[in-house]
Amino acid sequence: MSKTATTKKQPIEKQKSLNLLNTVPIENGFHFFTELGKFTGITATSTVEFAEKLQTVPIQSVTFHFQRQDFQKWLKNTIGDEELATRINQIKAGLQDENLRKTLSTTVQNRIAELQQHS
């Protein structure tokens, strides 16, 4: 019986990893703003796309959303990746500009690599 339990566990982990890499509808995507009411015109609809856009959006947008914890909220509540949200929460609040962008990008890319390994 324990062999069956082990066999069942593997696909669940694989499925969870795949789900965290899924694309969401555009209306549920992450919409990058530079301040309230100032949309950049850039939206990410998956964690992979989020990682890509994070590298090119205006730095004001990165700072704005990081200070408001918008990235963590979207990743946890829309994508369902509590682990990545927690890792972003652990990034030092004092980081600014390109150092912040680089740290966020690395954190997200590392998580994507982990999820792809398990899928």
Please give me the minimum heavy-atom distance between [X] and [Y], naming the atom from each residue.
X      : Y      : value
Ala51  : Ile112 : CB-CD1, 3.7 Å
Leu20  : Gly80  : CD2-O, 3.2 Å
Arg101 : Val57  : NH1-O, 2.8 Å

I would like to know whether Phe39 and Thr34 meet side chain to side chain contact (heavy atoms under 4.5 Å, CB included); could you show each step before the answer? CA-CA 7 Å; Phe39 180 47; Thr34 53; over 6 Å; no
Count I, L, V, M, F, W, Y as connected when their side-chain heavy atoms are under 4.5 Å apart, and connections chain through other members. Are Phe64 and Ile88 then in the same cluster? no
Just how far is it from atom [atom1] of [X] to atom [atom2] of [Y], taken to the nearest 0.5 Å?
X      : Y      : atom1 : atom2 : value
Ile79  : Asn28  : CD1   : CG    : 9.0 Å
Gln90  : Thr103 : CD    : OG1   : 13.0 Å
Leu100 : Ile59  : CG    : CD1   : 6.0 Å
Ile26  : Thr43  : CD1   : OG1   : 5.0 Å
Leu21  : Glu49  : CG    : CD    : 13.0 Å
Glu98  : Ser105 : CD    : OG    : 9.0 Å

If you count every heavy atom of other residues, nucleotides or ligands that lies below 6.0 Å from Glu82 atom CD, does the total exceed 12? no
Stepwise side chain to side chain contact (heavy atoms under 4.5 Å, CB included) test for Leu115 and Leu84: CA-CA 11 Å; Leu115 292 170; Leu84 181 52; over 6 Å; no
Would you sort out whether Thr56 and Glu52 count as a side chain to side chain contact (heavy atoms under 4.5 Å, CB included), showing the intermediate values? CA-CA 7 Å; Thr56 59; Glu52 293 167 3; over 6 Å; no
What residue among Arg87, Lys76, Arg111 forms side chain to side chain donor-acceptor pair (under 3.5 Å) with Asp81? Arg111
Check for a donor-acceptor pair, side chain of Asn77 on one end and backbone N or O of Lys73 on the other, with a separation under 3.5 Å.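 The answer is yes, because a donor-acceptor pair under 3.5 Å joins these two groups.
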Measure from the side-chain N and O atoms of His65 to the backbone N and O of Phe33, and report whether any donor-acceptor pair falls under 3.5 Å. yes
Phe32 vs Phe50 aromatic rings, parallel, tilted or perpendicular, using cut-offs 30° and 60°?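 Rings of Phe32 and Phe50: parallel, as their planes differ by under 30°.
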Return the orientation label for the Phe71 and Phe30 ring planes: parallel under 30°, perpendicular over 60°, tilted otherwise.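 Ring orientation of Phe71 relative to Phe30: tilted.
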Please walk me through it: do Gln109 and Gln55 pass side chain to side chain contact (heavy atoms under 4.5 Å, CB included)? CA-CA 11 Å; Gln109 289 168 352; Gln55 295 179 34; 2.5 Å; yes
